There are 2 protein chains.
Amino acid sequence: MGRVSQQQIEPTTGCIASAMSVLGHKWTALILRDLLVSPKRFCEFEKSIDNITPRILSQRLSDLEEQGIIEVSSNGPYALTQKGQDLMPIIKQMANWGSKYPTKI
Amino acid sequence: MGRVSQQQIEPTTGCIASAMSVLGHKWTALILRDLLVSPKRFCEFEKSIDNITPRILSQRLSDLEEQGIIEVSSNGPYALTQKGQDLMPIIKQMANWGSKYPTKI
DNA sequence: CAGTATCCTTGTTGATACTG
DNA sequence: CAGTATCAACAAGGATACTG
């Protein structure tokens, strides 16, 4: 049932859901954007991401670590794993689309 | 301040936020996936997207129409606009990543 | 510096029933 | 078929204060 092309886009419903479970939080894309440049410490995120509260930042960082997107040395900075780096094409496409169709506020 | 490459990825913070304001809802990616195949009617979504309630479906459809992602003829089916079709690369990248790193449930 | 603890507000979703 | 109305439940986010 259903067209084949649909299967090609989303073989199992979970694929997109999987990406969304990582990217579907308010500040995650911004955190990842920072990490694509270089590893960062807690206070560096606080400086570069305006208006994020320590509670939320901590929450996002924990989630991302649990999901294997980032890793942190004993008390070192946070860095992307390979899995995290592989998110880059998505982020770039989103930035692409977003700059073509900015939300007018 | 900051590295140049960061600017290249996300020139203005709003770019990614813009994409997320469209894709950041639970069922949106699935609705769009269906529309990438061909225009669909309300009941067709209800059949192909398991467990979505009419209220949520209606809400998503309205949002997407307001955002100019989809359009609907007088009482015809819903179809993607150009703006909506331009989301395809994002969806494909998400599906890509998601199939490489499926969420184990 | 690097977070954690509380508490509160809101957005989003879900269930169910109903209408033109 | 194509939705809307109502209400309840929950998750996410925000504000603020505090600690090792």
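Below, chain A is the first sequence line, B the second, and so on; all start at residue 1. Values reported hereafter were calculated over all heavy atoms of this structure, with side chains retained and with hydrogens, waters and symmetry mates removed. Since the structure is predicted, the reported quantities are computational estimates derived from the model, not experimental observations.
- Among the protein residues, B:F45 comes within range of no part of the nucleic acid, since none of its heavy atoms lies under 4.0 Å from any strand.
- Counting to the nearest Å, the P atom of D:dA5 and the CD atom of B:Q59 are 12 Å from each other.
- Judged purely by atom type and a 3.5 angstrom limit, B:T81 uses its side chain to pair as donor or acceptor with the backbone of B:G68.
- Whole-Å rounding puts the B:I56 CD1 to D:dC10 P distance at 16 Å.
- At the heavy-atom level, A:E46 lies nowhere under 4.0 Å from the strands shown.
- Atom P of nucleotide C:dG11 and atom CE of B:M20 are separated by 17 Å, given to the nearest angstrom.
- Interface remark: the A:R55 side chain does not form any donor-acceptor pair with the C:dT4 base, using a distance-only criterion of under 3.5 Å.
- In plain terms, the two heavy atoms of A:Y78 and A:F45 that are nearest each other are CD1-CE1, 4.0 Å.
- Rounded to an integer number of Å, the gap from CG of A:D63 to P of D:dA11 is 13 Å.
- Going from atom CD1 of A:I31 over to atom C1' of D:dA12 covers 14 Å, rounded to whole Å.
- In this structure, of C:dT13, D:dA15, D:dG3, it is D:dA15 that holds the atom nearest to the side chain of A:T53.
- Looking at B:D86 and B:K83, no side-chain N of the basic residue comes within less than 4.0 Å of a carboxylate O on the acidic one, giving no salt bridge.
- Taking atom CD1 on B:I49 and atom P on D:dG3, their separation rounds to 14 Å, with Å as the unit.
- Each of A:K26 and A:P54 lies near DNA chain D, and the nucleotide nearest A:K26 is the one positioned closer to the 5' end.
- Of the nucleotides present, C:dT19 is the one that pairs with D:dA2 by Watson-Crick or G-U wobble criteria, both distances under 3.5 Å.
- Taking 4.0 angstrom as the limit, A:S58 places a side-chain polar atom (N or O) nearer than this to OP1 or OP2 of C:dT4.
- Between the side chains of B:K40 and B:S38, a donor-acceptor pair is found at a separation under 3.5 Å.
- Rounded to whole Å, atom P of D:dG3 lies 13 Å from atom CG of B:L64.
- Here the side chain of A:H25 is nearest to one of D:dA12, C:dT12, C:dA2, namely D:dA12.
- A side-chain donor-acceptor contact under 3.5 Å links B:E44 to the backbone of B:R41.
- Between the C1' atom of C:dC1 and the CG atom of A:L61 lies a distance of 14 Å, rounded to the nearest Å.
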